[in-house]
There are 4 protein chains.
Amino acid sequence: MVPTTTNDASPRGAGRPRDPRIEQAALAATRELLVEVGYARLTVAAVAGRAGTTKAALYRRWPSLPHLVYEAAFPDELLSGWQLGADLRTDLAGIVAGTRDAFTTPVAAAALPGLLAEFSTHPALHNALLTRFAGVFATVDERLRTAADAGEVRSDARSEDLMRLMIGAVLLGVLLGPEQLDDAWTERITAVLLEGVRP
Amino acid sequence: MVPTTTNDASPRGAGRPRDPRIEQAALAATRELLVEVGYARLTVAAVAGRAGTTKAALYRRWPSLPHLVYEAAFPDELLSGWQLGADLRTDLAGIVAGTRDAFTTPVAAAALPGLLAEFSTHPALHNALLTRFAGVFATVDERLRTAADAGEVRSDARSEDLMRLMIGAVLLGVLLGPEQLDDAWTERITAVLLEGVRP
Amino acid sequence: MVPTTTNDASPRGAGRPRDPRIEQAALAATRELLVEVGYARLTVAAVAGRAGTTKAALYRRWPSLPHLVYEAAFPDELLSGWQLGADLRTDLAGIVAGTRDAFTTPVAAAALPGLLAEFSTHPALHNALLTRFAGVFATVDERLRTAADAGEVRSDARSEDLMRLMIGAVLLGVLLGPEQLDDAWTERITAVLLEGVRP
Amino acid sequence: MVPTTTNDASPRGAGRPRDPRIEQAALAATRELLVEVGYARLTVAAVAGRAGTTKAALYRRWPSLPHLVYEAAFPDELLSGWQLGADLRTDLAGIVAGTRDAFTTPVAAAALPGLLAEFSTHPALHNALLTRFAGVFATVDERLRTAADAGEVRSDARSEDLMRLMIGAVLLGVLLGPEQLDDAWTERITAVLLEGVRP
DNA sequence: CACTAATCGAGACGGTACGTCGCGTCTTGTG
DNA sequence: CACAAGACGCGACGTACCGTCTCGATTAGTG
């Protein structure tokens, strides 16, 4: 997600360009404050102060605090680059662990509950997250189809279901705690899901 | 959850008794407004106004707005009374469908995201929800142990994992939509979980 | 001018009564800050801080900063109680000196320019000031008519003109400085006006 | 008042010359907006927009908005060229009418209150106005001295006092309204002032 | 004909104040 | 006591305007 209004309407290069340091400083300040004080006590003014800028400069880049938090906690590169291989169990375990890692960083864990709550108010955020996951879904879907062709999984198994079960379990772990989402947990979850779709 | 200050401290009968209609009116108003405007735009003053009372009367009964919302959206009787029988698949499907039903009512769906976000601020609420689920967990745990004894599931299968997978999937459906959590979905999820723990 | 919304609609006595100290503290703080920093640098937040209260409490009493300034700088009792006697020159000199005194206090001098500028934005303020002066005009008008009957002034002399000349001269002295509006000035102005209406 | 930085410092001719249309367009836009929205709602950006230019171009010519307004509402030629003659009453009436005319144009009436309020913040403006009037004062002073020599007025009469009474009355008419400053008013004021200084 | 220097448009920048809103608490008068 | 009413302190919101700045692109005169 690129900060707002890099849209086509601008005549390209007109006006003083935005100070690129502000964007980075704002994202960093947001991450720091999320961990320090939590989402509920996070303030636009505090972010601006920590980033060494002002509220107006932030509102020029993000329409609201949740948008800034979203970009700070879930940057574009977060869920990219699954390296899938030949072994289905290894691949699945990697996906489970990767999802867990993405959601259990201190920043993401602090941001998630508040962010989920804002989805009804800011549909754009909602769509952004869905879009981001769409790629992952497609990747997993393809892997599963390959496995079905190889006779490793039932042909009617849905990657959508698997992903939702897995992501949901991670989400619940973050939201409700205090379940330890360690490697043993990853293995157990992988096992259930894998056996669940075996022919 | 019983309205708060009706507990021990009261000298029992001193002063004017509380108007019992206020509590019901407040819960009803909260439910209506949750559906109409959503959690984010829900206001104590609005609830009081709709209920025909005042803010002070509400704060006499609930320590804060989230507590009121919690009780309005997740009353005590919500997750009680699973009738488990002999068939494991039927029992599991019932649990999945019951959880889905509890979380997908318009009121619960509107309240959930906001409520989850408040958990970090209001640990009491967090505990209340965990406690409520503890009973369900125990029930499922026992049913699973019975099934293990009967050789229907692996002996190392954890009910905790199953529950978190299942609840997480429901939660994700509510939070992210727009997946249809219909009966076909219930059957598919039940199947994956059931096969996932087969010996 | 009484702080706002003491209007009839209220059922008289419902709700927590306003803290009377806040009103006095706000007026005092406004007077102090007017002298210390001037009208242009006067801030609602600063007044609230100095008065030991908050912006919201001030906005509950006055619709905007100019209204507060007006009441602080030109309280009801400011232009009341001219003691008119038998000697026309003495009476006129008293009126000139009284007007000068009312407009040259540090508070009034600091408030006047800014307040005059707000009249176009806040017609209510404009009317308030006009209403206040109306009483003075009537008093002077009557005195002049008495003098006309006694043959001391021309019968076509207008008190309106006299007052506007006199008030205007005071205002100009305050707005433009640095003319000394001392007692010699008062005598000279009185003399011009008095001779100006002699038969 | 000449636009600012066209003074000494310029090396005369280096760089792109200023577009002369911008100055006129800015003054015209300021006059229009003053009448349309008033001083309080007058914005640098709005003036620039109406004038078809930008804020920076305006700040290159005037140090701040009040300076621009001052020049737009009170151009140099405003109070110049009194032709005084032999008859004192005619001369005085001309001065009164001329001052009234200068201050009661829609543009001047809209600009005056705000401009007066800025005098404390912008002493340069204050001085500019005082300087402008200084010429008028000198003219009137000389005319009065001539009249004194001719025995038409008391020798101790001060032109300063007369001018302040007269200007003040005009100012009050503009600031407070709604007194009609018509020709009858001019005659009455002239009469009071003239009789006020008769021997 | 390049070079220099100031202007142009556009729009972001730091700063500051605005007026509003919601929270959870309190202080009245009236049952 | 509870209740209706509404003020209270607190703190954040998102907006608006100021006067300055930094761009790339013009538009002269100068070397």
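Within every chain, numbering begins at 1; the chains are lettered A, B, ... in the order of the sequence lines, protein sequences first and strands thereafter.
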Student: Could you check whether G52(D) gets within reach of a base, just the sugar-phosphate, or nothing at all, counting any heavy atom under 4.0 Å?
Tutor: sugar-phosphate
Student: Specify the closest pair of heavy atoms between A111(C) and L34(C), including all atoms of both residues, with the distance to one decimal.
Tutor: CB-CD1, 3.8 Å
Student: Nearest to the side chain of R16(B), which nucleotide is it out of dG11(E), dC1(F), dC23(E)?
Tutor: dC1(F)
Student: Which nucleotide in the set dC8(F), dG14(E), dG24(E) lies at the smallest distance from any side-chain heavy atom of I22(C)?
Tutor: dC8(F)
Student: Measure from the side chain of A56(C), starting at C-beta and using heavy atoms only, and say which of dC21(E), dT20(F), dA12(F) lies closest.
Tutor: dC21(E)
Student: Tell me whether the side-chain N/O atoms of T53(D) come closer than 4.0 Å to OP1 or OP2 in dG9(E).
Tutor: yes
Student: Parallel, tilted or perpendicular: which fits the ring planes of H122(B) and H67(B), with parallel below 30° and perpendicular above 60°?
Tutor: perpendicular
Student: So, for P66(A) and S64(A), which heavy atoms are closest and what is the spacing to 0.1 Å?
Tutor: CD-OG, 3.0 Å
Student: Remember a base hit wins even if backbone is also touched, and classify L58(B) as base, sugar-phosphate or nothing at under 4.0 Å, heavy atoms.
Tutor: nothing
Student: Which nucleotide, dT25(E), dG22(E), dT15(F), lies nearest any side-chain atom of K55(A)?
Tutor: dT15(F)
Student: Would you say T54(A) reaches dG15(E)'s phosphate, i.e. side-chain N/O to OP1/OP2 under 4.0 Å?
Tutor: no
Student: Taking only N and O in the side chain of R61(D), is any of them less than 4.0 Å away from OP1 or OP2 of dC8(E)?
Tutor: yes
Student: So if I take every side-chain heavy atom of T43(A) and compare against dC18(E), dC18(F), dC13(F), which nucleotide ends up nearest?
Tutor: dC13(F)
Student: Taking 4.0 angstrom as the limit, do E36(A) and R50(A) come out as a salt bridge?
Tutor: yes
Student: What's the closest nucleotide to the A57(C) side chain, out of dG24(E), dG9(F), dC18(E)?
Tutor: dG9(F)
Student: R60(A) side chain N/O closer than 4.0 Å to the phosphate oxygens (OP1, OP2) of dG14(E)?
Tutor: no
Student: Can you measure L42(C) atom CG to dC18(E) atom P for me and round it to whole angstrom units?
Tutor: 8 Å
Student: Tell me whether the side-chain N/O atoms of R18(C) come closer than 4.0 Å to OP1 or OP2 in dC26(E).
Tutor: no
